[in-house]
Amino acid sequence: MTIVQLEYLVAVDTYRSFNKAATHCFVTQPTLSLQLQKLEDVLGVKLFERNPVVPTKIGTEIIEKARLLLDDYYRIREVAQQEQRALAGELHIGVITTLAPYLIPGLMSRFRNKHPGVKLVIWEETTAQIIHKIKQGVIDCGIVSTPLNESQLLEHPLFTEKLVAYVDTTSPLAQKKTLKPEDIDPAEIWVLNEGHCLRDEVLLMCQKKREHPEEPTYAFHTGSLETLRRLVDENGGATILPELALTQLNKEQQRKIRPFKAPEPTRSIGIITPKTFVKRRMIESLKQEIKEVYETAVQDHA
């Protein structure tokens with residue numbers, strides 16, 4: 001069974017004439033008739049009565065399915081043709097709040113310069129909100145911390161960034177040049193509120209070698225890493241920042257950074273999409289620009 005045979009089948013049903021159907025399909029009548037005979041042989045059923053030309057009962061059912069199949073085929077071909085042209089249209093993206101302030105400003109300017117025909121529409125959300133919007137078809141992709149192990153989604157790796165401690169000068173941690181995760185008391189650090197993957201990663205990192213994990217002493221609820229950093233500056237204590245966040249620090253703030261000893265804690269960043277998704281060229285271009293933004297930022301900060 002071939003697409004051409006199904007096109008001939010639908011054409012005969014539309015025109016109720018082998019001759020007119022052949023003219024419409026730009027083939028000779030014998031060629032069209034031969035292909036339909038092959039289709040009947042493959043299916044093992046008679047599709048048309050010849051005089052007059054009308055579909056059989058089973059032929060009517062098969063023609064209905066053939067029309068649906070051809071519609072999907074034409075849509076697939078249309079998508080492929082669009083992807084062969086210059087990138088244009090809208091790309092809807094969700095970005096986790098612990099990444100957006102450090103990635104998106106540079107990304108938007110770079111992407112706009114290279115692909116002026118594409119409009120980026122961006123939501124700054126939690127991971128759970130991004131997953132929900134992708135499944136609902138509201139956004140095309142999400143930039144999140146991975147892995148997620150969501151069976152309905154594909155994960156496309158981007159980069160892995162280090163996690164570091166940001167400590168006030170009055171903290172005992174400030175006396176050390178490098179830290180171990182167990183040096184940090186999870187009850188004495190500023191952390192993000194629930195729903196943020198980085199919060200879970202930080203608490204797990206600090207507690208994994210403690211027999212009796214404690215809840216943080218502070219009860220300030222925020223989804224902003226910048227707020228956590230300013231809390232350290234004004235109230236003391238410590239927090240954990242990802243590598244990209246360090247690019248926003250001045251010289252005085254950079255002196256508050258304490259890296260971890262090897263193996264350093266890290267988080268992996270990737271793009272998530274539905275398993276079946278279009279706008280592949282847009283997303284591939286987005287991946288490339290994100291990687292370049294990250295590499296440039298890290299090199300400039302080094």
Side-chain angles (χ1 to χ4, degrees), residues 75 78-80 82-161 192-193 195-201 222-227 241-248 266-298:
R75 288 178 186 273
E78 181 180 3
V79 169
Q82 288 176 350
E83 289 295 302
Q84 292 171 5
R85 297 191 289 268
L87 293 182
E90 292 187 353
L91 184 62
H92 296 248
I93 310 166
V95 187
I96 52 176
T97 56
T98 57
L99 183 63
Y102 319 110
L103 177 68
I104 296 305
L107 174 65
M108 290 189 72
S109 60
R110 288 178 62 100
F111 200 92
R112 183 169 57 246
N113 290 337
K114 289 189 178 181
H115 308 288
V118 178
K119 178 181 178 181
L120 298 182
V121 182
I122 300 174
W123 281 266
E124 187 175 325
E125 306 273 19
T126 65
T127 300
Q129 290 169 328
I130 291 171
I131 291 173
H132 177 72
K133 284 188 174 181
I134 290 177
K135 290 181 177 179
Q136 294 296 314
V138 176
I139 60 178
D140 300 303
C141 63
I143 307 172
V144 301
S145 179
T146 57
L148 298 178
N149 299 316
E150 283 278 338
S151 60
Q152 298 179 40
L153 302 178
L154 291 177
E155 297 182 3
H156 312 261
L158 291 171
F159 58 85
T160 298
E161 60 177 342
L192 298 169
N193 56 3
H196 294 272
C197 293
L198 186 57
R199 168 194 170 92
D200 299 334
E201 293 168 0
T222 180
S224 167
L225 289 176
E226 290 304 295
T227 301
L241 298 177
E243 192 172 20
L244 271 182
L246 308 185
T247 61
Q248 307 296 313
T266 61
R267 73 167 178 175
S268 296
I269 300 298
I271 289 182
I272 56 173
T273 63
K275 283 194 170 180
T276 55
F277 67 101
V278 292
K279 303 183 181 179
R280 291 179 182 269
R281 284 185 62 217
M282 284 190 193
I283 292 176
E284 285 299 321
S285 298
L286 179 68
K287 286 167 57 178
Q288 183 60 37
E289 294 305 319
I290 291 173
K291 290 178 181 179
E292 292 183 11
V293 168
Y294 169 75
E295 291 170 1
T296 301
V298 171

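- For Pro105 against Ala100, the heavy-atom pair with the smallest separation is CD-O, 3.5 Å.
- In this view, Lys135 and Glu150 satisfy the side chain to side chain donor-acceptor pair (under 3.5 Å) rule, not counting sequence neighbours.
- A distance of 7.5 Å separates CD of Glu125 from CD1 of Ile139, quoted to the nearest 0.5 Å.
- The NZ atom of Lys119 sits 12.0 Å away from the CG atom of Leu91 when rounded to the nearest 0.5 Å.
- Judged as a ring pair (Phe, Tyr, Trp, His ring centres under 6.0 Å), the pairs with a partner in residues 117-143 (not counting sequence neighbours) are, in order, His92-Trp123.
- Checking Ile96, Ile131, Val95 one by one against Val144, the side chain to side chain contact (heavy atoms under 4.5 Å, CB included) holds for a single residue, Ile96.
- Taking every heavy atom of both residues into account, Ser285 and His115 meet most closely at CB-NE2, 3.6 Å.
- Considering only heavy atoms from C-beta on, Ile134 comes within 4.5 Å of Pro274 through its side chain.
- If you take CG on Leu120 and CG on Leu107, they are separated by 6.5 Å, rounding to the nearest 0.5 Å.
- Not counting sequence neighbours, the partners of Glu226 by the side chain to side chain donor-acceptor pair (under 3.5 Å) test are Tyr102, Arg229.
- With sequence neighbours excluded, the residues satisfying side chain to side chain donor-acceptor pair (under 3.5 Å) with Glu289 are Arg110, Lys114.
- Counting heavy atoms from C-beta outward, Tyr294 and Glu243 have side chains that approach closer than 4.5 Å.
- The structure places CE of Met282 at 9.0 Å from CD of Glu90, a figure rounded to the nearest 0.5 Å.
- Among residues two or more places apart in sequence or in another chain, the side chain to side chain contact (heavy atoms under 4.5 Å, CB included) test is passed with Thr273 by Cys141, Leu154, His156, Ile271, Phe277, Ile283.
- Summarising the geometry, atom CZ belonging to Arg267 is positioned 4.0 Å from atom OG1 belonging to Thr98; distances are rounded to the nearest 0.5 Å.
- Listed here is the closest heavy atom pair of Glu161 and Pro242: OE2-CB, 3.3 Å.
- At a threshold of 4.0 Å, the pair Glu284-Arg281 does not count as salt-bridged, since none of the basic side-chain nitrogens sits closer than that to a carboxylate oxygen.
- Here the side chain of Thr296 pairs no donor or acceptor atom with the backbone of Val293 at under 3.5 angstrom.
- Ile122 is listed as a side-chain neighbour of Met108, based on a closest heavy-atom distance under 4.5 Å.
- Residues Leu244 and Ala297 share a closest heavy-atom pair of CD2-CB, 3.8 Å.
- With sequence neighbours excluded, the residues that form a side chain to side chain donor-acceptor pair (under 3.5 Å) with Ser268 are Thr160.
- Judged as a side chain to side chain contact (heavy atoms under 4.5 Å, CB included), and not counting sequence neighbours, the contacts of Pro147 are Asn149, Glu155.
- With rounding to the nearest 0.5 Å, the separation of CG in Leu153 from OG1 in Thr146 is 12.0 Å.
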